[in-house]
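Before any comments, here is the structure.
Chain A is the first sequence line, chain B the second, and so forth, proteins listed ahead of strands; every chain is numbered from 1.
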Protein chains: 2
Amino acid sequence: MARAATTSDVFNAVAEPQRREILALLRAGERSVTELAQELGMTQPGASKHLRVLREVGLVRDRKVGKQRLYGLDARGLRPVHEWTGGFERFWNESFDRLDEYVRDLKQAQQEE
Amino acid sequence: MARAATTSDVFNAVAEPQRREILALLRAGERSVTELAQELGMTQPGASKHLRVLREVGLVRDRKVGKQRLYGLDARGLRPVHEWTGGFERFWNESFDRLDEYVRDLKQAQQEE
DNA sequence: TTGACGCATGCCCATATGGGAATATGATTG
DNA sequence: CAATCATATTCCCATATGGGCATGCGTCAA
């Protein structure tokens, strides 16, 4: 099968560093493709492609303004990701005396291999 | 270049649905590879491969117990993902009267295309 | 030592990139 | 209509899967 299509869900769309940069930049407001490309140091086609992915999963919206196309953030799709990871919060906050002990045991066990 | 290696960072590792299932299941406690495979309906090699990815990005720890290998959750790596998405919280919570209006404008603009 | 069991790997395949370059598409202006 | 600007697409390539299957490897029991 190969990997899931990056356009299939938000998790995949956000797995790409440059796309995360785009989203971060769009927090400051709408941008045209060229502006995005310049500010993030990518080519215009490159920006377009990433924007397409983001658009298809609904993380950005585009709007035509003259011959430009302004892209804006629609972060609602990130909420599921935030909530999913949030479901693990108690695990990374777990009292470290227990976690550290656990990790220590692991290392010891591995040394004994 | 092709896509970034899934073992390169947590975002990629978590982009795979089955790997998210594994992590979710491990919240209930350590599991052997076979147990995981059975409970999630995947083959043993399949489980092993996903576990390897998770291990390489540090989301799980393994421990030898007899001829079994117990995998346990180490969710600390998920924190950056949670925080990154958290940086968009105010955008998805943004007063919907404004967002809805924005979206409405977008749709209208698109119909006029 | 020989099996049997539990996992990890290696192979092969089909698929989905992400990047670069060239080009098609759309829209605006003269 | 022609020229130009802003984007989107298309090709082509190298790479990284994820899945299925067979197999190697380490461990424990008889």
Side-chain N or O of A:Arg19 closer than 4.0 Å to phosphate OP1/OP2 of C:dG18: yes
Neighbours of DNA chain D within residues 22-29 of chain B, by heavy-atom distance under 4.0 Å: none
Per B:Ser48 side chain, nearest of listed nucleotides D:dT4, C:dT9, D:dA8: C:dT9
Rounded interatomic separation in angstrom, taking NZ from A:Lys67 and P from D:dA8: 15 Å
Main-chain N/O of A:Glu39 paired with A:Arg31 side-chain donor or acceptor, under 3.5 Å: no
Distance, rounded to the nearest Å, where A:Lys64 contributes NZ and C:dT28 contributes P: 8 Å
Approximate separation, where rounding is to 0.5 Å, of A:Tyr71 OH and A:Leu36 CG: 9.0 Å
Length of the line joining B:Leu51:CG and C:dT9:P, which is rounded to integer Å: 11 Å
Whichever of A:Gln18 and B:Gln68 has its nearest DNA chain C nucleotide further upstream toward 5': B:Gln68
Plane angle bin for A:Phe11 and A:Trp84 - parallel if under 30°, tilted between 30 and 60°, otherwise perpendicular: perpendicular
Nearest-neighbour nucleotide for the A:Glu16 side chain, D:dT7, C:dA8, C:dG18 considered: C:dG18
C:dA8 phosphate, OP1 or OP2, under 4.0 Å from B:Arg52 side-chain N/O: no
Test item: A:Arg27 side-chain N/O and B:Gly87 main-chain N/O as donor-acceptor pair under 3.5 Å: yes
NE2-CD distance between A:His82 and B:Glu83, expressed to the nearest 0.5 angstrom: 9.5 Å
Within residues 38-47 of chain B, residues whose heavy atoms come under 4.0 Å of DNA chain C: B:Gln44, B:Pro45
For atom CZ of A:Phe11 and atom P of C:dA16, their distance in whole Å: 21 Å
Nearest listed nucleotide, side chain of B:Val33, among C:dC7, D:dA8, C:dG19: C:dC7
A:Asp62 CG to C:dG26 P, straight-line distance once rounded to whole Å: 15 Å
Out of D:dG19, D:dT7, C:dG26, whichever nucleotide has its closest atom nearest the side chain of A:Arg69: D:dT7
A:Val14 with B:Val81, same ILVMFWY side-chain cluster at under 4.5 Å: yes
Nearest-Å distance for atom pair CG/P, residues A:Leu70 and D:dA8: 11 Å
For atom CD of B:Glu56 and atom C1' of D:dA16, their distance in whole Å: 13 Å
B:Gln68 side chain vs B:Val65 backbone, donor-acceptor pair below 3.5 Å: no
Separation between CD of A:Gln18 and CG of A:Leu54, rounded to the nearest 0.5 Å: 11.0 Å
B:Gln44 side chain to B:Ser48 side chain, donor-acceptor N/O pair below 3.5 angstrom: yes
Per A:Lys49 side chain, nearest of listed nucleotides D:dT9, C:dG18, D:dT7: D:dT9
Value in whole Å for how far the C1' atom of C:dC7 lies from CG of B:Leu36: 12 Å
Closest to the A:Tyr71 side chain, choosing from C:dG26, D:dA8, C:dC7: D:dA8
Under 4.0 angstrom between A:Thr34 side-chain N/O and D:dC5 OP1 or OP2: no
B:Met42 vs B:Ile22 side-chain heavy atoms within contact, under 4.5 Å: yes
